Amino acid sequence: MKNIFIIGSKGIPAKYGGFETFVEQLTVRRQRESIRYHVSCMAENDDVFEHNGARCFNVKTKKIGGATAVLYDIRSLQKCIKYIREHNLKDSIVYILACRIGPFFYFYKRQLEQLGVQVFVNPDGHEWKRSKWNKWIKRYWKISERLMVKHADLLVCDSVGIESYIQEDYAAYSPKTSFIAYGADVTRSNLTDEAEGLQNWYQKHDIRSNEYYLIVGRFVPENNYELMIHEFMKSNSSKDLVIISNVEQNQFFQGLSERTQFQKDSRIKFVGTVYDQELLKKIRELAYGYFHGHEVGGTNPSLLEALASTRLNLLLDVVFNKEVGRDGAVYFTKKDGSLATLIDQADYYDHSIIEALQTKARQRIENDYSWTKIVDTYESLFLDTQLALENKEVQLSKGAVSI
């Protein structure tokens, strides 16, 4: 039995978030009985329970602001080490999602090495670039990333762009990397167009099917909400701009409101969050188009979901988005007027153009990002990891290799 310990997500059952959805899919779609998952869950107690056939262990974590996640990861790692020792587990893997505990990592890594346990790390995106952090926290994130890259047995990157960055910026450490993408579900929503919940949601927000552009994602500056709102306001579109996000009346929101005066444009509608995944999928399917302005990080889950569900996708022209969207989407830049012009053109796209883009987008997801493929690739990596790492040693001079 191969024991895989996953720490760094808030845990399962997944409520919201990319890492949480990943762990949910990895466990619920498990194909090989020879794998046993152990998943850390942030909680207010230290209970242990089963979910999707995985052993889930709660980690009671004191709330200490931005450092809460660091403390949570450390406590999760301590619990993993204790369990492995008590049960005398051999040939296990600890998979850490995100690079939050770099300054403390090597101390625990040595203990795991002595137990014969390998440690994989998912470096996530460029967390140290996020505008929400002050310069000291950004510096911590960068140092933490460097130290985890230096000591990890394998870096599992969900983006080719991130893998290239790891190989180039940390070449001095000869990092061993593997590319395994994030996944998406290409099945359609089980709701009908006339479903009561959908129609109630439309009525509540005065929205009409196929008459809105959609944005879904975290309400943070680096996702370029200000750019997209400002450009939409300059467009001549008669459609609405529907924004599904965890908007808070904070400094960023207030500043955006003052700079754009979006409240004066009745087309722009902040509608809060939608946690019902079937409803959210249906809202995506019935949108005219989707805007994606993310520019920090690797493969973004909301982009994959949009490509799988929404007919027309308008993406910010950065390497991470083009890597995923390819010719199944259209692109805008941060240049003044770029998105506004694209919106005015997109409003009058012939049905055949939209259909062709949708077909290419869905094929891209089905061929390269389906959860079935992603889970199978992960399981192969976990079970064949020793062979994979030995092969990696041989091929390091040739650069990164995907498993």
Side-chain angles (χ1 to χ4, degrees), residues 193 198-199 201-217 219-245 247 252-272 274 280 282-295 300 302-303 305-307 309-318 321-322 325-361:
D193 292 2
L198 173 69
Q199 292 305 317
W201 189 85
Y202 276 155
Q203 185 175 6
K204 177 182 178 180
H205 300 292
D206 189 24
I207 297 169
R208 297 174 304 281
S209 172
N210 201 44
E211 289 297 322
Y212 59 94
Y213 287 95
L214 182 66
I215 302 175
V216 180
F219 193 67
V220 291
E222 59 267 20
N223 289 350
N224 286 296
Y225 279 94
E226 184 169 341
L227 169 70
M228 293 185 289
I229 289 172
H230 183 68
E231 290 289 312
F232 184 81
M233 291 176 67
K234 291 198 299 184
S235 78
N236 298 311
S237 181
S238 61
K239 304 183 190 304
D240 291 327
L241 175 58
V242 176
I243 301 171
I244 297 178
S245 185
V247 176
F252 170 53
F253 181 85
Q254 188 61 37
L256 185 148
S257 175
E258 293 172 356
R259 290 187 295 272
T260 64
Q261 296 293 301
F262 69 80
Q263 63 274 15
K264 296 180 180 179
D265 191 327
S266 61
R267 300 174 299 170
I268 298 173
K269 298 176 177 178
F270 284 88
V271 298
V274 176
L280 180 58
K282 196 65 180 179
I283 292 168
R284 291 182 189 276
E285 291 172 1
L286 296 181
Y288 182 78
Y290 178 81
F291 295 169
H292 189 76
H294 294 49
E295 65 175 326
N300 184 264
S302 63
L303 173 56
E305 290 158 5
L307 291 169
S309 303
T310 311
R311 297 184 305 157
L312 175 61
N313 290 279
L314 293 72
L315 317 181
L316 180 63
D317 190 352
V318 294
N321 297 338
K322 294 201 78 170
R326 292 188 180 174
D327 59 354
V330 292
Y331 299 88
F332 62 91
T333 69
K334 297 175 77 169
K335 182 179 179 181
D336 185 44
S338 173
L339 178 55
T341 300
L342 184 59
I343 292 168
D344 288 338
Q345 295 171 348
D347 272 2
Y348 293 95
Y349 276 172
D350 185 80
H351 176 73
S352 61
I353 295 176
I354 296 177
E355 190 174 67
L357 287 167
Q358 182 184 25
T359 298
K360 291 177 181 177

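This is a predicted model, so every value here is computed, not measured. Position 1 is the first residue of the sequence, and the numbers go up from there.
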Practice task
Would you sort out whether V216 and I283 count as a side chain to side chain contact (heavy atoms under 4.5 Å, CB included), showing the intermediate values?
Solution key: CA-CA 10 Å; V216 180; I283 292 168; over 6 Å; no
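Between K269 and D206 there is a side-chain heavy-atom pair separated by less than 4.5 Å. Side-chain contact between L198 and L286 is present, with at least one heavy-atom pair separated by less than 4.5 Å. By the 4.5 Å heavy-atom criterion applied to side chains, Y288 and I354 are counted as neighbours. A 4.5 Å side-chain heavy-atom check between V271 and K204 finds every atom pair outside the cut-off. Side-chain contact between K322 and L315 is absent, with no heavy atoms from C-beta onward closer than 4.5 Å. Using a 4.5 Å cut-off on side-chain heavy atoms (C-beta onward), H292 and N313 make no contact.
The shortest non-hydrogen separation linking H294 to N300 is CD2-ND2, 3.1 Å.
Within a 6.0 Å radius of CD in Q263, other residues, nucleotides and ligands contribute more than 12 heavy atoms.
Using modelled atom types and a 3.5 Å distance limit, the side chains of Q203 and Q199 yield no donor-acceptor pair.
For the side chain to side chain contact (heavy atoms under 4.5 Å, CB included) with I215, the lone residue among L241, N224, I244, N223 that qualifies is L241. Of the candidates K239, E285, R311, R311 is the only one forming a side chain to side chain contact (heavy atoms under 4.5 Å, CB included) with N210.
Listed by chain and residue number, F219 satisfy the ring-ring contact (aromatic ring centres under 6.0 Å, His included) test with F252 (two or more places apart in sequence, or in another chain). Every residue two or more places apart in sequence or in another chain was checked for a ring-ring contact (aromatic ring centres under 6.0 Å, His included) with H230, and none qualifies. Y331 meets the ring-ring contact (aromatic ring centres under 6.0 Å, His included) test with no other residue; sequence neighbours excluded.
Between D193 and K282 there is a salt bridge, since a side-chain N of the basic residue sits under 4.0 Å from a carboxylate O of the acidic one.
The closest donor-acceptor contact from the side chain of D240 to the backbone of V242 lies at 3.5 Å or more, if one exists at all. Under a 3.5 Å cut-off, the side chain of N321 and the backbone N or O of L316 do form a donor-acceptor pair.
Between F253 and F262, a ring centre-to-centre spacing shorter than 6.0 Å is recorded.
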